[in-house]
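Everything below concerns the one structure shown next.
Numbered from 1 within each chain, the chains take letters A, B, ... in sequence-line order. Because only heavy atoms are used, hydrogens play no part in the values below, and waters and symmetry mates are left out as well, while side chains stay in.
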Number of protein chains: 4
Amino acid sequence: MPKIIDVQQYRQELLSKCFDLFAEKGYANVTTRQIAKELGVSTGTLYHYFPNKQVLFEQLVEQICRQDMEVIKQVDKNQTRSQRIEALGQILIENQEYIIKQAVIWIDFCQYCSAYKVSDNLLLQIDSRYEQAISELLDLNNPQVAKFIWILVDGISINQIDNSDSFAVQIELLTQMLIAYFEKHISA
Amino acid sequence: MPKIIDVQQYRQELLSKCFDLFAEKGYANVTTRQIAKELGVSTGTLYHYFPNKQVLFEQLVEQICRQDMEVIKQVDKNQTRSQRIEALGQILIENQEYIIKQAVIWIDFCQYCSAYKVSDNLLLQIDSRYEQAISELLDLNNPQVAKFIWILVDGISINQIDNSDSFAVQIELLTQMLIAYFEKHISA
Amino acid sequence: MPKIIDVQQYRQELLSKCFDLFAEKGYANVTTRQIAKELGVSTGTLYHYFPNKQVLFEQLVEQICRQDMEVIKQVDKNQTRSQRIEALGQILIENQEYIIKQAVIWIDFCQYCSAYKVSDNLLLQIDSRYEQAISELLDLNNPQVAKFIWILVDGISINQIDNSDSFAVQIELLTQMLIAYFEKHISA
Amino acid sequence: MPKIIDVQQYRQELLSKCFDLFAEKGYANVTTRQIAKELGVSTGTLYHYFPNKQVLFEQLVEQICRQDMEVIKQVDKNQTRSQRIEALGQILIENQEYIIKQAVIWIDFCQYCSAYKVSDNLLLQIDSRYEQAISELLDLNNPQVAKFIWILVDGISINQIDNSDSFAVQIELLTQMLIAYFEKHISA
DNA sequence: AATGAATGAGGTTTCATTCAT
DNA sequence: TATGAATGAAACCTCATTCAT
């Protein structure tokens, strides 16, 4: 029993160590040897913990999703919607580096699903988790709006690859835009 | 007398025929053999028109940018800003399929630049062309806002890979949000 | 009739123009496109005058052999053997650049014959032409000695690829060595 | 525990097994698949031990040079110069097959350096090692003479490709010629 | 559990040669 | 005659995966 927990925990550690590498190069451009080297293990060991590269990637995406849920939970819900939007924006800016990488990996995962003709189950499932988390956070009853917001965060993140100094500016713009939109269309 | 062919024009035709394939699979997942097959030529012919896969991809990105400039130009400038925003949204929705693919390829190109350590010259140059085109269209003096808008369109587009029925809804949301933002913050 | 002569002559011109290219790169490293470019014609034209790359190369080797026979003939035969050896050495030094290239191509041709499993007929035939020419020039009755001399010239030539200033020195050494040998072993 | 293998030693074994193939066909005419087949391994394994075909070839040349130094060392130095020359000739004749192949590869390497525009460092370095070894063996103070001798051996070797029965005759001729030369020009 | 040597299918690219014009 | 676009076999090389140790 305790052994199993250790294995599971070690797997999580390995996944965490992969994060930067996948964010930087993308699934298709990372070799298993590079992964093994980054993790400080042999390729044999890598294949001992993960059946193949695809599963490794999918588990990484799941791990990221779980972490993102935690990030979103940090927002204090005892505030007006505008305040919560600003708080979310603030958290994104504070975790800028992580958020950008997470978005890059997510987009990479979307392409991976279409390119490798992998079943979208995981993709759809994670997608709806984000949708729900944002919906709850901002008391939205239109799921499209919730998804929309997270999509915009991705959009902004991805385009930071080269000049990452504008991330904060753009998240701020997004924040203001959302506030203006909600003020005009939906009563808080 | 040799076969007379407008090489430059034929190159453009070939690039156009690649568009769907790259949008669907992504640069790293498309093989040159697949490209040749899609184009209905041999790999030898492919390499007769493009020195290598990278240049082929870069020229495709350039072609897309030129086409996008044409799409943006379609908006009638004799309207209020809100009207122009709506017109732009309308055009995006009308060209939904193309816009999504274009965005997917663009994001792929961003990753390609970072993964292959290709010089960013082309990336930055194209980036600023979009910025300028949007700035002119909406009379913006803050370039960050212009870039921001196009980034959001990319963000929305990318996430359509699997359920593309929400594109129109999300572009509509973006339109309304931009209008609300400009009404509140910037006089038309 | 005159047409045929022209074609033949044009072929010789083309071959002459290939000489430097083959000497510099070697048969296997020269592409037909490079040859065509060097000749200022299209690949189609190249294949109009020569059935393929192999025949082109073989004809070049033949042409070189004919030219070498002319070089050797320049030696005035009304001299002692030692004088004739020195005269030959002098001619080699005067034509240093040509001699080196000719030797490089010849060695390349030897390798070509073994690598491509081409029949050695041409090789043997040319070999014996050199043997005879040297035998006649130096009044040798041992054909091995004649061949030996030409082989040494090749050996010296090939090793000039990088520091070609020692060619004259080494031909001079060869000359002295031959003279010493003949003085000791064979009466002039 | 992993399979224990002395990588460096295995590399040397692999190189030794390549020797004949390269001698017979030449660098440009040997394919990596042929090499792998000759070595009895897969192409993947080949690339596990050598980063690419060029480096493989260069390491082969280095290995050959080291072996040649051993061959030259076999000559007993407690003899007159004439005797040492004869002893060297004898060793060359005894190792005829190896010497010819070694020479063919060396010449191939010279062409390889010029054709592939590889830096000549290795070539010059090896060149000087031969020069020194011969100089020491025959107590020569003129390095040109030392280089000259080895060049002649190469020249003779290369021309044996097709009728290798004359090698001994020609090495014998070279030996006599050198003795005659030294008797006349340089006191033993 | 851990290693890394070994595999070989499949990737990108080259190039001798052909052929419609 | 002359052209050069087109071909596709085959070159070099990579990399996910396996397996003996």
Whole angstroms only, please: what is the [atom1]-[atom2] distance between [X] and [N]?
X: Asn29(C); N: dA16(E); atom1: CG; atom2: P; answer: 10 Å
X: Asn52(D); N: dT13(E); atom1: CG; atom2: P; answer: 17 Å
X: Phe57(A); N: dA16(F); atom1: CZ; atom2: P; answer: 13 Å
X: Phe50(D); N: dT14(F); atom1: CZ; atom2: P; answer: 15 Å
X: Glu13(B); N: dA6(F); atom1: CD; atom2: C1'; answer: 16 Å
X: Leu56(D); N: dC13(F); atom1: CG; atom2: C1'; answer: 13 Å
X: Arg33(C); N: dT14(E); atom1: CZ; atom2: P; answer: 10 Å
X: Lys37(D); N: dA10(F); atom1: NZ; atom2: P; answer: 14 Å

Task: 5'-most by nearest nucleotide on DNA chain F - Thr31(A) or Gly44(A) - done: Thr31(A)
Open item on the list: Both Ala28(D) and Leu46(B) contact DNA chain F. Which one's nearest nucleotide lies toward the 5' end?
Closed with: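 Per heavy-atom nearest nucleotide, the more 5' residue is Leu46(B).
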Task: Distance below 4.0 Å between Tyr47(B) side-chain N/O and dA6(F) OP1 or OP2 - done: no
Open item on the list: So, OP1 or OP2 of dC12(F): does either fall under 4.0 Å of a side-chain N or O from Thr32(D)?
Closed with: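 Indeed, a polar side-chain atom of Thr32(D) lies that close.
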Would you indicate which nucleotide in [options] comes nearest to any side-chain atom of [X]?
X: Thr43(B); options: dT14(E), dA11(F), dA2(E); value: dT14(E)
X: His48(B); options: dT13(E), dA5(E), dA6(F); value: dA6(F)
X: Thr45(C); options: dC12(F), dA2(F), dA5(E); value: dA2(F)
X: Ser42(B); options: dA6(E), dA2(F), dA6(F); value: dA6(F)

Task: Any donor-acceptor N/O pair, Gln102(A) side chain to Ile64(A) backbone, under 3.5 Å - done: no
Task: Any donor-acceptor N/O pair, Arg33(B) side chain to Thr43(B) backbone, under 3.5 Å - done: no
Task: Option among Lys17(A), Gln59(A), Arg66(A) that satisfies the side chain to side chain donor-acceptor pair (under 3.5 Å) test with Gln12(A) - done: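 Of Lys17(A), Gln59(A), Arg66(A), side chain to side chain donor-acceptor pair (under 3.5 Å) with Gln12(A) is met by Arg66(A) alone.
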Open item on the list: Could you identify the nucleotide paired to dA20(F), looking across every strand shown and requiring Watson-Crick or G-U wobble geometry with both distances under 3.5 Å?
Closed with: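 dT3(E) - that is the nucleotide pairing with dA20(F), both distances being under 3.5 Å.
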Open item on the list: Considering every strand and a 4.0 Å limit on heavy-atom distances, what is the contact class for Tyr49(C): base, sugar-phosphate, or nothing?
Closed with: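 Sugar-phosphate: the residue Tyr49(C), judged by heavy atoms under 4.0 Å, touches backbone atoms but no base.
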Open item on the list: Measuring only between side-chain heavy atoms, which start at C-beta, is Phe50(B) closer than 4.5 Å to Leu14(B)?
Closed with: yes
Open item on the list: Under a 3.5 Å cutoff, is there a donor and acceptor pairing between the side chains of Tyr27(A) and Gln111(A)?
Closed with: no
Open item on the list: Go nucleotide by nucleotide along DNA chain E from the 5' end; which of Lys53(C) and Gly40(D) gets its closest nucleotide reached first?
Closed with: Gly40(D)
